[in-house]
Participant: 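Take a look at this one; I'll ask things after.
Remember, it's 1-based here, ligands and their atoms both numbered in the order they're listed.
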Amino acid sequence: MRAACFLPALCLSLLQVGAPPGAAARYTADWASLDARPLPPWFDEAKVGIFVHWGVFSVPGFGRFSEWFWCWWKQKRAAEVDFMKKYYPPGFEYADFAHEFRAEFFDADNWAEIFKASGARYVVFTSKHHEGFTNWPSPTSWNWNSMDVGPHRDLVGELAAAIRKKSLHFGLYHSLYEWFNPLFLADQASGFKTQNFVAEKALPELMDLVKTYKPDLIWSDGDWEATDAYWNSTQFLAWLYNDSPIKDVVVTNDRWGKGCYCKHGGYYNCADRYTPGELPDHKWEKCQSIDTLSWGYRRNMKLPEVMDLPAIIKDMVYVVAMGGNYLLNIGPMSDGMIAPVFEERLRGLGVWLGINGEAIYSSKPWRVQKENSTLPVWYTARNNTVYAIFLDWPSKQSLQLPAPKMSGATTVTLLDNPNVSLKWAPLTPTAGLVVMMPLMPASPGNAWCLKLEGVV
Ligand SMILES: *[C@@H]1O[C@H](CO)[C@@H](O)[C@H](O)[C@H]1NC(C)=O
Ligand SMILES: *[C@@H]1O[C@H](CO)[C@@H](O)[C@H](O)[C@H]1NC(C)=O
Ligand SMILES: *[C@@H]1O[C@H](CO)[C@@H](O)[C@H](O)[C@H]1NC(C)=O
Ligand SMILES: *[C@@H]1O[C@H](CO)[C@@H](O)[C@H](O)[C@H]1NC(C)=O
């Protein structure tokens with residue numbers, strides 16, 4: 001049902017004739033049942049989210065994909081081994097970094113203000129990455145959580161409260177596996193015949209997060225070493241969808257065990273930075289990091305490695321035109337500061353969305369997602385309005401749009417200047433428009449949007 005429901009026209013009709021609210025379906029612990037759950041509508045409407053990777057890995061804050069620092073070091077990747085040899089005494093363990101994770105300047109309200117200003121509608125925060133350190137006082141993560149060591153604060157709780165004050169949806173990233181957890185390693189050594197790590201750590205923590213923080217989204221990860229049967233993913237999801245306090249609003253992704261992604265769960269992430277070439281028939285999300293070389297903060301990050309605002313907008317527009325959500329990542333510093341370069345990108349995105357957001361939020365893919373005539377143009381649609389987004393200004397002051405079919409009632413405006421109708425002429429007798437463009441308005445992200453009313 002949801003696969004069909006993803007397409008715009010079908011979606012409306014199915015929603016109208018679908019099960020009446022209140023006649024709550026019970027889900028069973030199998031993929032056929034769980035995969036049929038309709039995605040709560042807030043997620044597709046939101047379109048833009050902010051991903052936040054923060055943990056003990058933010059302390060070394062070093063190397064490509066710094067959130068994997070511990071693993072790289074143990075696997076003897078040269079950069080991390082040299083770094084540790086040079087700057088840390090013999091015997092220094094990864095766990096010792098936790099004492100330097102102090103979050104001195106962490107102000108959840110300041111983060112929430114920045115995220116709100118970015119135009120994002122949801123935030124996904126690492127409750128626990130593969131290192132196993134929990135950013136909340138987990139009772140099953142003794143001495144390896146943000147209350148016992150390091151910040152001595154409930155980071156998840158503080159951020160949840162601040163995000164909700166700004167009316168944003170709050171989501172939690174959760175890694176199922178932990179690289180070096182002895183319970184996990186023992187289960188692994190048994191060929192995953194034993195499930196002690198799942199019973200004593202992974203499931204209790206997931207349920208604790210759900211009950212304590214009531215996240216609107218669970219972004220599962222770290223699933224790939226073992227099957228969903230080992231993780232008891234279908235049992236957990238059946239509980240989540242039937243009986244948890246967030247059963248009606250919670251959205252999940254697709255990383256619930258080896259072979260699950262792009263196939264089972266809620267929306268699809270598929271692989272990191274999934275970039276489909278054709279319109280997928282299932283709701284999806286692309287996660288992308290502003291620092292192209294890491295999700296966690298890197299103190300050795302250089303400007304050319306950082307996406308600029310036009311690159312971010314271009315990527316987001318492509319994703320939304322293809323029916324996806326865009327989850328844009330930042331890695332805060334271990335002291336709780338968001339690097340000004342990230343903050344500047346996020347605020348710039350918000351300025352652009354402030355002008356052009358009606359083409360993004362709650363939009364649906366149009367019958368054509370992209371075409372290339374005068375310039376490459378991406379289309380989105382909302383109700384009967386079609387939006388044409390372009391990432392360069394046409395040099396001849398006219399823009400050809402071959403796909404839309406005009407009518408007597410067709411009007412064309414630029415979202416930067418919505419009160420002025422633009423002149424247009426038919427491109428051919430049956431289809432297409434040639435739009436006479438005004439003088440180029442300054443754009444915060446070098447991308448503009450035409451609003452086409454009365455076209456099909
Ligand atoms: C996993 O699910 C099976 C089947 O329902 C159940 O017997 C088992 O106890 C569960 N394991 C854990 C760790 O919850
Ligand atoms: C699309 O248009 C651009 C010019 O804006 C051109 O460089 C590019 O080659 C075109 N691509 C295709 C596939 O036609
Ligand atoms: C789009 O249509 C829906 C109902 O189908 C309506 O609630 C909504 O206000 C409309 N939005 C706009 C921008 O016209
Ligand atoms: C556009 O029109 C609306 C409604 O008529 C008006 O409130 C608004 O001030 C106008 N905006 C500009 C930029 O002229």
Side-chain angles (χ1 to χ4, degrees), residues 1-2 24-39 71 126-145 148 156 171-269:
M1 149 123 182
R2 199 186 48 253
R26 299 270 315 166
Y27 297 94
T28 50
D30 58 83
W31 289 121
S33 173
L34 299 167
D35 289 348
R37 176 179 182 255
L39 196 65
C71 192
T126 46
S127 64
K128 178 193 86 172
H129 204 265
H130 313 323
E131 64 187 15
F133 185 88
T134 65
N135 281 333
W136 85 101
S138 166
T140 50
S141 193
W142 182 78
N143 220 22
W144 195 229
N145 70 72
D148 289 348
V156 172
L172 287 175
Y173 167 104
H174 173 268
S175 173
L176 287 168
Y177 89 147
E178 296 172 20
W179 295 310
F180 305 117
N181 187 304
L183 283 174
F184 178 75
L185 295 175
D187 285 353
Q188 190 173 43
S190 82
F192 295 114
K193 289 194 183 65
T194 59
Q195 271 183 306
N196 295 324
F197 176 74
V198 178
E200 291 170 36
K201 189 73 164 62
L203 284 182
E205 285 190 340
L206 267 173
M207 294 178 75
D208 184 28
L209 286 172
V210 167
K211 289 177 186 164
T212 309
Y213 304 105
K214 303 183 176 61
D216 300 320
L217 189 156
I218 297 177
W219 211 103
S220 182
D221 196 25
D223 59 320
W224 50 79
E225 296 276 332
T227 62
D228 61 272
Y230 168 73
W231 296 117
N232 266 19
S233 294
T234 57
Q235 288 84 358
F236 169 73
L237 289 171
W239 170 78
L240 187 70
Y241 296 168
N242 289 327
D243 299 312
S244 80
I246 51 176
K247 65 189 170 69
D248 297 324
V249 295
V250 72
V251 166
T252 63
N253 68 345
D254 56 350
R255 296 186 180 178
W256 294 105
K258 190 190 280 184
C260 278
Y261 84 40
C262 246
K263 221 177 177 165
H264 293 304
Y267 70 82
Y268 293 169
N269 280 116

Participant: Drop me the distance from H264's NE2 to D254's CG, to the nearest 0.5 angstrom.
Facilitator: 10.5 Å
Participant: Are any of the side-chain nitrogens in D243 or R26 under 4.0 Å away from the carboxylate oxygens of its partner?
Facilitator: yes
Participant: Applying the side chain to side chain contact (heavy atoms under 4.5 Å, CB included) test to D223, which of W231, W256, Y177 qualifies?
Facilitator: W231
Participant: Using heavy atoms and a cut-off under 4.0 Å, could you grab the residues that are in contact with ligand 1, chain by chain, numbers ascending?
Facilitator: Q195, A199, L203, N232, Q235
Participant: Salt-bridged, K258 to E225, with N to O below 4.0 Å?
Facilitator: no
Participant: Tell me, please, which residues at least two apart from C262 pass disulfide (SG to SG under 2.5 Å).
Facilitator: C270
Participant: In the structure I gave you, are the side-chain heavy atoms of L176 and K128 within less than 4.5 Å of one another anywhere?
Facilitator: no
